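Worksheet for the structure shown next.
As the structure is a prediction and not an experimental result, all values here were calculated from the model.
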Amino acid sequence: MESLSHQHYPDATLYVIGTPIGNAGDISLRALHILEITDAVACEDTRVTKNLLGLYGLDKELISAHQHNEREAAEKLIARLQRGERIALVSDAGTPAISDPGAKIVDSVRNAGFNVIPVPGPSAAITALSAGGLIDESFLFIGFLPAKTAQRQTVLRKLKDSPATLVIYEAPHRIRDTVRTLADIFEPSRTVVIARELTKLFEEIHRCPLSEAIPWLEENRNRQKGEFVLLVQGAPSREDDESQARHILSVLLDELPAGTAAGLTAKITGIRKNRLYDMALELKKTD
Ligand code: SAM
């Protein structure tokens, strides 16, 4: 670990800085120092960043760099980097380039041969994952799903068999629709974590089976307000499915003929009946 006195802040460099997602106390000491020594701060919305910097007693030249002007903004930043300046890049909240502008600027700046230094800070995705307690081995960052229902359904169907925890960003006006679509497409027993207003006064992190998520959201309208991250437990592995099917089959085989037991198990697990019938014959042999 480098001590605070052994930091390097080269000039002619773009510093990509993560900023708080709701709690001003979550800015890092390094981020504050760099914001203080940079020549200018490129930001999504100058009013939002002016307010944020004001909280820390900073007043800097701001350069607008949003979704619709990233490449042009990059040209301006590159011209300033050529003069040897240090430039900070921030988004409204959280980590730039994560469902936020930033990637195109970093791409252009790197292509122009300049140094880019990341200054890590909060991100809603990682914050939710750290406290959600889902134990899948990996996660898949989805960000915002398409706004149109049909497109959203298509994306989610493709993700249904992913073993990774899915990380989805959602706005309050779509939270119910999205959770409903998730409950329609995924197994109702899968755990969902609804993480809202993270790091803020009304922070709430609720875990439940998908089948119970809509009743929970509807029980209190306040639960549909604010900013949301949804975490959806990954698909059960094939091995887990097979061992569960084997267990169900063996219980049913005590009472029923192989064909009926295989048929019922197919309905419960979704595994093909032929495959289960073979499994039933194997189980009968080893009895
Ligand atoms: N770049 C940001 C990051 O690193 O997390 C994300 C920016 S994206 C435009 C904004 C979305 O992130 C929100 O709609 C919400 O889904 C999620 N988000 C941001 N802050 C949040 C918070 N405090 N609690 C829950 N979700 C949050």
Hphob cluster co-occupancy, Leu140 + Leu129, side-chain heavy atoms under 4.5 angstrom: no
Does NE2 in His247 sit with more than 12 non-hydrogen atoms of other residues, nucleotides or ligands closer than 6.0 Å? no
Under 3.5 Å donor-acceptor, Glu197 side chain and Glu227 backbone: yes
Charged N to carboxylate O below 4.0 Å: is that the case for Arg157 and Asp184? no
Around Phe139, counting heavy atoms of other residues, nucleotides and ligands shown, do more than 12 lie under 6.0 Å from its CZ? no
So does Thr38 get a backbone contact from the side chain of Tyr9, meaning a donor-acceptor N/O pair under 3.5 Å? no
Does the Glu44 side chain pair with the main chain of Val90, one donor and one acceptor, at a distance under 3.5 Å? no
The reported gap from CG in Leu230 to CD1 in Ile175 (rounded to nearest 0.5 angstrom) is 4.0 Å
Indicate the atoms forming the closest heavy-atom contact of Ala213 with Ile194, along with that distance. CB-CD1, 4.2 Å
Other residues, nucleotides, ligands: >12 heavy atoms within 6.0 Å of Lys60 NZ: yes
For Glu187, look at atom CD and say whether over 12 heavy atoms of other residues, nucleotides or ligands are found less than 6.0 Å away. yes
Are Ile168 and Ile185 joined in one hydrophobic group, where the rule is that I, L, V, M, F, W and Y side chains link up if heavy atoms are under 4.5 Å apart? yes
Please check: side-chain N/O of Arg207 versus main-chain N/O of Gly133, any donor-acceptor pairing under 3.5 Å? yes
Same hydrophobic cluster for Ile17 and Leu58, using side-chain heavy-atom links shorter than 4.5 Å among ILVMFWY? yes
Let me see the working for Asp45 and His66 under side chain to side chain contact (heavy atoms under 4.5 Å, CB included), right down to the final yes or no. CA-CA 7 Å; Asp45 182 330; His66 49 76; over 6 Å; no
Decide if atom CG of Asp59 counts as having more than 12 heavy atoms of other residues, nucleotides or ligands within a radius under 6.0 Å. no
Minimal non-hydrogen separation, Leu276 against Ile271, with atom names: CD1-O, 3.5 Å
Heavy-atom pair of closest approach, residues Pro209 and Pro188: CB-O, 3.7 Å
On a heavy-atom basis, which atom in Leu253 and which in Ala261 lie closest, and how many Å separate them? CD2-CB, 3.9 Å
Atom pair CG (Asn111) and NZ (Lys104), whose distance is rounded to the nearest 0.5 Å: 14.0 Å
Roughly how far, to the nearest 0.5 Å, is the CD1 atom of Ile105 from the CD1 atom of Ile87? 11.0 Å
Is a donor on one side and an acceptor on the other found under 3.5 Å between the side chain of Arg223 and the backbone of Trp216? yes
Give a yes or no answer on whether the side chain of Thr13 reaches the backbone of Asp11 with a donor-acceptor pair at less than 3.5 Å. yes
Would you compute the distance between atom CG of Leu210 and atom OG1 of Thr191 and round it to the nearest 0.5 angstrom? 8.0 Å
Give, for atom CZ of Arg47 and atom OG1 of Thr49, the distance between the pair rounded to the nearest 0.5 Å. 10.5 Å
Any side-chain donor near an acceptor of the partner, Thr199 and Asn23, under 3.5 Å: no
For the backbone of Ser64 and the side chain of Asn69, can you confirm whether one donor and one acceptor N or O come within less than 3.5 Å of each other? yes
What one should report as the nearest heavy-atom pair of Leu231 and Ala128 is CD1-O, 3.6 Å
What pair of heavy atoms forms the shortest contact from Gly259 to Tyr277, and how long is it? N-CE1, 3.6 Å
Rounded to the nearest 0.5 Å, the CD atom of Glu219 sits from the CD atom of Glu212 at a distance of 10.5 Å
Asp136 side chain vs Ser138 backbone, donor-acceptor pair below 3.5 Å: no
Quick check against the 3.5 Å criterion: does Arg196 have a side-chain atom that pairs as donor or acceptor with the backbone of Phe228? no
Are Leu283 and Ile268 linked, directly or through other ILVMFWY residues, by side chains that come within less than 4.5 angstrom of each other? no
Got a donor-acceptor contact below 3.5 angstrom from the Gln233 side chain to the Leu134 backbone? no
According to a hydrophobic-cluster definition based on side-chain heavy atoms being under 4.5 Å apart (Ile, Leu, Val, Met, Phe, Trp, Tyr only), do Ile98 and Leu198 belong together? yes
Check this for me, if you would: do Glu61 and Arg80 make a salt bridge, where the nitrogen-to-carboxylate-oxygen distance has to be below 4.0 angstrom? yes
